[in-house]
Amino acid sequence: MPEFQTLPGFREFYPEDLARRNHVFRLWRQAANAYGFAEYDAPVLEPLDLYRAKSGEEIEGQLFSFTDKGGREVALRPEMTPTVCRLVGERAGSLKRPIKWYSIAEFYRYERMQKGRGRCFSQFNADIFGESGPEAEIELIGLLIQCMRGFGLTSADFYVRLSDRNLWVYYLASLGLNDAKTSAMLSAVDKYEKYADDAFKAYITEFGSLDEGLKAKVLSFLKINSLSALKALIAEQASSEKLTARLADWEKVLGGLDAMGLSEFVSVDLGVVRGLAYYTGFVFEAFDRKGELRALAGGGRYDNLVKKLGGPDLPAVGFAIGDMTFGLLLEERGLMPTIVKAPDIYVVIGGELERKVAFGAISSLRALGYSVDYPFKDLGFGKQFKAAAESGAKLALIFGSDEVAKGSVKIRDMAVRSEEEIARSELESTVREFFSK
RNA sequence: GCGGUCAUAGCUCAGUUGGUUAGAGCACAAGAUUGUGAAUCUUGGGGUCGCGGGUUCGAGUCCCGUUGGCCGCCCCA
């Protein structure tokens, strides 16, 4: 056992682990690029107040926070949203809209570890600022789906549950609930899937009782799982113009996603409201179809947050995918590749004299961008060919005493085990030709 | 913050009612092998048995504590 252990909940990435992480990041970047999002990054350490302002004082218990040597209260970032709100807010006046940004970054939360959750993790974050209409939701949900589809996951593997806090607020208002009751009821809705009727306990504690008729209406709304069911319920209880008007936004979002060919990935599901109070419209979460894992991704509209954090009034919608649960899903589906780091070329060297000649060729091939490896110590040819085969190189070059004396080099195609002797002057062009096939 | 469970080599594990110097496979390295491919054989490095205390003539083994892993609860931006 090493004297100094890794801090609890932190991860180390040995080369194979990092190769897998890089693979995930690369496909996320590819998806974001395809959707026209620009990548940004920002400090890992932020003023503690940034998170207090967004989430309240109680957030501090779950942060890696401390006082720095200048007496500043700081925290390792637990999420990207406040940071990106600041970045965009500061330059909102000069950024072309819509502002479509993404980042891939590591985050830190001081909490208990569980499957799919650690104290440090990476997230892909994507946000659209400056568009209040549902067009932003279409684009963002499309990107979310592509971020998973790009790995070979299908609609049999995951889906996005789409809901809307506006609908809930309008609906509860039409049932006569005030703001306090609405917020308590949303919290109950959020918990209903897990706790069933017990989810209403907090509401009852706070407001004395829960009318059975009201509860039935809330439950029937919560169980809506299609646009037609939503329309029917609203038509039946049409007591709010806002509700009816909101249906047009739903038509747009679902219609847009359908036109993109993505409707099989999206379910209407008003049982999702997300716990966070700052969401102001559509909210969505991605889950594995089997329901074995915690949420893969989550997001929604937060039109008031940029302003709340000191920026201009700027509508926004965003989501994040965490790397831990997503990685578990890829592994379960056998979609996490075993990435083997192999050089293009392995060089077999006869001895000390030949090594000097070989170094010239190695250096020039490397300058051309080929990945070239060779043994540090003089080894028998048998060992070297074994090493060449184990390295995974596609080509082996042989600088033995015979070849060096003749000014030639043998070039061996490792896959078909065929060899050809060429003049050293032809090496670069021969290699180039081989790899262009 | 709470509960359950586990901890022996880089990895997977064995280790008798407590008894000599803690083992195996895989992996790694050297040699057999100074001109050709994942084999084979030989050899080697690598352990304060998570850490600390206790019981005992004697602890990897039993007891207590602690740290860490895993699983769950709370929470989940």
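Sequence lines set the chain letters: A, B, ... in the order given, protein chains first and strands last, and positions in each chain run from 1.
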Footprint string (nucleotides 66-72 of chain B, 5' to 3'): B base within contact, S backbone only, - free, heavy atoms under 4.0 Å: --SSSSB
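Leu379(A) comes within contact range of no nucleotide atom at all, as no heavy-atom separation falls under 4.0 Å. Here Arg77(A) lies out of heavy-atom contact (under 4.0 Å) with every strand. Contacts of Asp402(A) with the nucleic acid, taken as non-hydrogen atoms under 4.0 Å apart, include base atoms. Looking at heavy-atom distances under 4.0 Å, Lys54(A) makes contact with sugar-phosphate atoms alone, never a base. Among the protein residues, Glu285(A) comes within range of no part of the nucleic acid, since none of its heavy atoms lies under 4.0 Å from any strand.
No aromatic stack links Phe385(A) and the base of rG37(B), using centre distance under 5.5 Å and interplanar angle under 30°.
Between rG25(B) and rU66(B), the two C1' atoms lie 33 Å apart (nearest whole Å). rA7(B) and rG50(B): their P atoms are spaced 8 Å apart (whole Å). Straight-line distance between the P atoms of rG46(B) and rA22(B): roughly 14 Å, to the nearest whole Å. For the C1' atom pair drawn from rC57(B) and rA14(B), the interatomic distance equals 28 Å after rounding to whole Å. Rounded to whole Å, the C1' atom of rA9(B) lies 6 Å from the corresponding atom of rG47(B).
Note: Phe64(A) and Phe10(A) have perpendicular aromatic rings, judged against thresholds of 30 and 60 degrees for the angle between ring planes.
Looking at Glu420(A) and Lys410(A), no side-chain N of the basic residue comes within less than 4.0 Å of a carboxylate O on the acidic one, giving no salt bridge.
The side chain of Ser401(A) sits closest to rG35(B) out of rA38(B), rG35(B), rG37(B). Here the side chain of Glu79(A) is nearest to one of rA38(B), rA77(B), rG35(B), namely rA77(B). When each of rA77(B), rG37(B), rC76(B) is scored by its nearest atom to the side-chain atoms of Lys194(A), the top-ranked nucleotide is rC76(B).
Within a 6.0 Å sphere centred on CZ of Arg112(A), heavy atoms belonging to other residues, nucleotides or ligands number 12 at most. Tyr278(A) OH: more than 12 foreign heavy atoms inside a 6.0 Å radius. Other residues, nucleotides and ligands contribute only 12 or fewer heavy atoms inside 6.0 Å of the NZ atom of Lys252(A).
Put simply, the side chain of Gln62(A) and the base of rG1(B) share no donor and acceptor less than 3.5 Å apart. Evaluation of atom-type donor-acceptor distances gives no pair under 3.5 Å for the side chain of Gln384(A) against the base of rU36(B).
Atoms CD and CG, from Glu193(A) and Asp269(A) in turn, are 7.0 Å apart once rounded to the nearest 0.5 Å.
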Derivation of the side-chain hydrogen bond (donor to acceptor under 3.5 Å, both in side chains) call for Glu106(A) and Tyr108(A): CA-CA 7 Å; Glu106(A) 195 164 51; Tyr108(A) 308 87; 2.8 Å; yes
